[in-house]
Amino acid sequence: MTSPSTRPVRTRYAPSPTGPQHIGGIRTALFAWLYARRHGGQFILRIEDTDQKRTVPGSVDLILQALDWLGMDIDEGPREGGEFGPYVQSERLEMYQTWAAWLVDQDRAYKCFATPEELAEMRKAGAGYDRRYRDFPADRASELEAQGKPCVIRFKMPLGGVTIGDDMIRGPVEFDNEQLQDAVLLKSDGYPTYHLAHIVDDRHMRISHVARAIEWLPSFPLHIQIWRALGWKMPQYAHLPVLLNPNGKGKLSKRKQQFADAGGKSVPVLMHEFIDAGYLPSAVMNFLTNIGWNYGDDEEIFSTAQAMERFDLKDVSPANSAYPIAKLDWLNSQYIKRASVDELCRLLKPILEEAGYAVDEERLKQVVPLLRVRLKSTRDVVPIAGFFFADWASFKAPSADILIQRKMSRESTAAVLRGAIPVLQALESFSHVAQHSAVTAYAKSSGFKNGQVFGSLRAAVTGQKVSPPTFETMEILGKQESIRRIKLALQSITGSES
RNA sequence: GGCCCCUUCGUCUAGCGGCCUAGGAUGCCACCCUUUCAAGGUGGAGACACGGGUUCGAGUCCCGUAGGGGCUACCA
């Protein structure tokens with residue numbers, strides 16, 4: 001039944017098109033994809049749109065966008081095509097209907113005419129569907145059908161015994177058959193349920209390994225029984241643990257929420273939120289791969305190509321994980337630090353433009369090396385270095401709370417700034433090297449610490465507490481503009497002085 | 001409620017009976033360095049859920065308890 005497959009490896013991601021892609025689903029896709037790539041197999045995308053009510057138009061584009069962005073290439077799917085298509089379930093209805101009917105013929109399934117009201121009553125009574133149509137005479141069923149009574153097809157679950165499932169991640173799992181219901185295979189609208197559809201498709205598409213979320217584990221025995229009733233060879237199944245909220249409470253929710261564990265910030269969970277938040281796809285891949293699986297060798301940072309060489313579904317942890325979002329910020333900053341200047345320019349330019357700045361490419365190239373170590377996300381370029389691209393003439397002096405640094409007072413700050421002006425003014429070359437030595441000398445003679453002087457200048461010139469290095473910044477701004485800003489700061493802090 | 005899964009530092013994890021006085025990473029704290037931010041460096045606090053077994057020996061195997069999670073639809 002579940003003996004190791006010697007078939008070529010073919011895995012699939014089979015999402016429902018119900019809206020934006022959730023990070024949990026994407027991680028399932030990632031593990032399936034990695035497994036296929038590790039074994040030189042194929043990765044298939046299949047759209048499971050058997051619930052007409054929940055289908056949201058445009059979802060497939062979102063799914064494709066997410067996979068594309070992360071670099072998970074698809075071998076067969078609705079966009080790519082392939083010899084086992086169509087890859088959209090609503091276009092395969094006939095197959096499901098055929099096999100459902102076949103199961104009825106084989107007496108492994110039956111028509112059930114229970115109304116929604118009846119079902120609701122049974123549920124209220126506690127035990128669920130009571131199999132009242134399981135042994136309903138065929139001629140009477142035909143009668144009801146002839147009268148136009150709607151019906152579903154239900155699977156005849158074995159009434160006793162146990163079903164043992166072999167899960168790649170946790171090994172054998174045993175279930176009492178009597179705990180399971182006669183699940184609906186085909187709905188009254190002619191659409192299949194997941195239970196039937198995924199089996200027919202996985203068999204037809206030659207899927208060798210199914211990586212799916214753990215919420216399917218309880219219906220695993222049902223699926224095993226359906227595979228057997230159909231007489232088909234099962235793929236191997238791996239039930240992936242879920243991502244919990246950052247506080248460890250409950251399944252990671254779809255809605256944006258705030259968590260103290262994430263610094264009180266709302267955490268991204270939808271794929272487009274990761275894109276918008278300025279994360280790099282490589283960092284997100286690294287991040288996701290490291291939850292529930294690890295590369296080993298105490299190596300936290302590794303490429304997708306490296307992961308591909310080692311990944312195995314068998315090594316995935318069976319335990320659920322809290323969503324370690326803080327690690328993504330760190331990983332992202334590491335990837336940004338390692339990115340080339342050109343690459344960063346390419347990423348940063350549209351973000352600055354979107355923020356309303358006119359970006360001069362030469363200037364950007366000058367600025368990028370200065371701020372790369374300060375970026376946790378590409379978005380940070382706006383608060384940290386946006387001022388380079390603003391209209392310099394309209395620069396407003398920062399307020400006192402920014403200007404006056406730690407261990408400094410209004411008076412000492414004013415004194416430092418006032419004294420620095422002639423020092424900078426006297427410089428022939430305004431290079432950051434020249435500034436550094438001149439200002440260091442000035443600090444020494446004035447009795448202030450380097451840090452006190454440098455920090456005050458940083459705030460005066462940039463208007464920010466966090467900024468690129470002060471002297472490099474002033475070099476780019478030029479002597480005139482830098483001194484103008486220091487004078488403005490002086491005014492701001494003293495109220496009137498010029 | 002019933003069934004199933006899970007349980008190592010706050011968090012992500014290493015550990016597959018002796019190498020564990022439990023390792024790495026992140027986060028936090030301290031110090032160093034420094035163009036007082038950031039980055040970088042060094043160090044620190046911080047975990048085998050609990051109770052029984054099995055064994056010469058248990059974080060590692062078994063059982064129970066507790067806690068967490070999932071499922072319990074004509075949704076997936």
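In the text below, chain A, chain B and the rest are named by the order of the sequence lines, each starting its count at 1.
The nucleotide whose nearest atom lies closest to any side-chain atom of A/Arg458 is, among B/rU7, B/rC37, B/rG70, B/rC37. Nearest nucleotide to the A/Glu300 side chain, out of B/rG24, B/rC74, B/rC12: B/rG24. Nearest to the side chain of A/Phe454, among B/rG27, B/rU7, B/rU35, sits B/rU35. Closest to the side chain of A/Ile291, from the set B/rU26, B/rC5, B/rU13, is B/rU13. Distances from the side chain of A/Arg123 to the nucleotides B/rA25, B/rG40, B/rC74 place B/rC74 closest. For A/Trp330, counting side-chain heavy atoms from C-beta on, the closest listed nucleotide (B/rU26, B/rC75, B/rA38) is B/rU26. Set against B/rC71, B/rA76, B/rA38, the side chain of A/Pro218 has B/rC71 as its closest nucleotide. For A/Trp216, taking side-chain heavy atoms from C-beta onward, the closest of the listed nucleotides B/rC12, B/rG69, B/rA76 is B/rA76. Picking from B/rG40, B/rG70, B/rC6 the nucleotide with the shortest atom distance to the side chain of A/Gln334 gives B/rG40.
A/Ile214 has its CD1 atom 17 Å from the P atom of B/rC3, to the nearest Å. Summarising the geometry, the separation between CG on A/Leu222 and C1' on B/rG70 is reported as 16 Å, rounded to the nearest angstrom. Rounded to an integer number of Å, the gap from NE2 of A/His195 to P of B/rA76 is 8 Å. Following rounding to the nearest Å, A/Leu457 (CG) and B/rU34 (P) show an atom-to-atom distance of 18 Å. If you take NE2 of A/His239 and C1' of B/rG69, they are 15 Å apart, rounded to a whole angstrom. Atom-to-atom, CG of A/Leu119 to P of B/rC75 comes out at 11 Å; the value is rounded to the nearest Å. For the pair A/Phe220 CZ and B/rC6 P, the interatomic distance rounds to 13 Å; values are reported in whole Å.
Residue A/Asn290 places no side-chain N or O under 4.0 Å from the OP1 or OP2 atom of B/rC12. Taking 4.0 angstrom as the limit, A/Gln52 places none of its side-chain polar atoms (N or O) nearer than this to OP1 or OP2 of B/rA76. Between A/Ser467 and B/rA38 there is no side-chain N or O to OP1 or OP2 distance below 4.0 Å. Residue A/Lys251 has no polar side-chain atom (N or O) positioned under 4.0 Å from OP1 or OP2 of B/rC6. Contact between the side-chain N/O atoms of A/Lys187 and the OP1/OP2 oxygens of B/rA76 is found at a separation under 4.0 Å. OP1 or OP2 of B/rG40 sits under 4.0 Å from a side-chain N or O of A/Lys337.
Residue order along RNA chain B, read from the 5' end via each residue's closest nucleotide, puts A/Ser321 first among A/Val433 and A/Ser321.
For A/Phe31 and A/Phe311, the ring centers are positioned less than 6.0 Å apart. Residues A/Trp216 and A/Tyr194 bring their aromatic ring centres within 6.0 Å.
The base of B/rU35 lies close enough to the side chain of A/Glu472 for a donor and an acceptor atom to sit less than 3.5 Å apart.
Ion pair A/Arg310/A/Asp315 not flagged as a salt bridge, since none of the NZ, NE, NH1 or NH2 atoms sits closer than 4.0 Å to an Asp/Glu carboxylate oxygen.
Checked against salt bridge (Lys or Arg N to Asp or Glu O under 4.0 Å), A/Glu300 has the following partners two or more places apart in sequence or in another chain: A/Lys327.
Summarising the base pairing, B/rA58 is matched to no nucleotide, lacking a Watson-Crick or G-U wobble pair whose two defining distances lie under 3.5 Å. Base pairing of B/rC3 is made with B/rG70, judged by Watson-Crick or G-U wobble geometry with both donor-acceptor distances under 3.5 Å.
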Can you check side chain to side chain contact (heavy atoms under 4.5 Å, CB included) on A/Tyr87 and A/Leu45, steps first, answer last?
CA-CA 7 Å; A/Tyr87 293 88; A/Leu45 176 67; over 6 Å; no
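By the 6.0 Å contact criterion, NZ on A/Lys314 is open, its count of non-hydrogen atoms from other residues, nucleotides or ligands being 12 or less.
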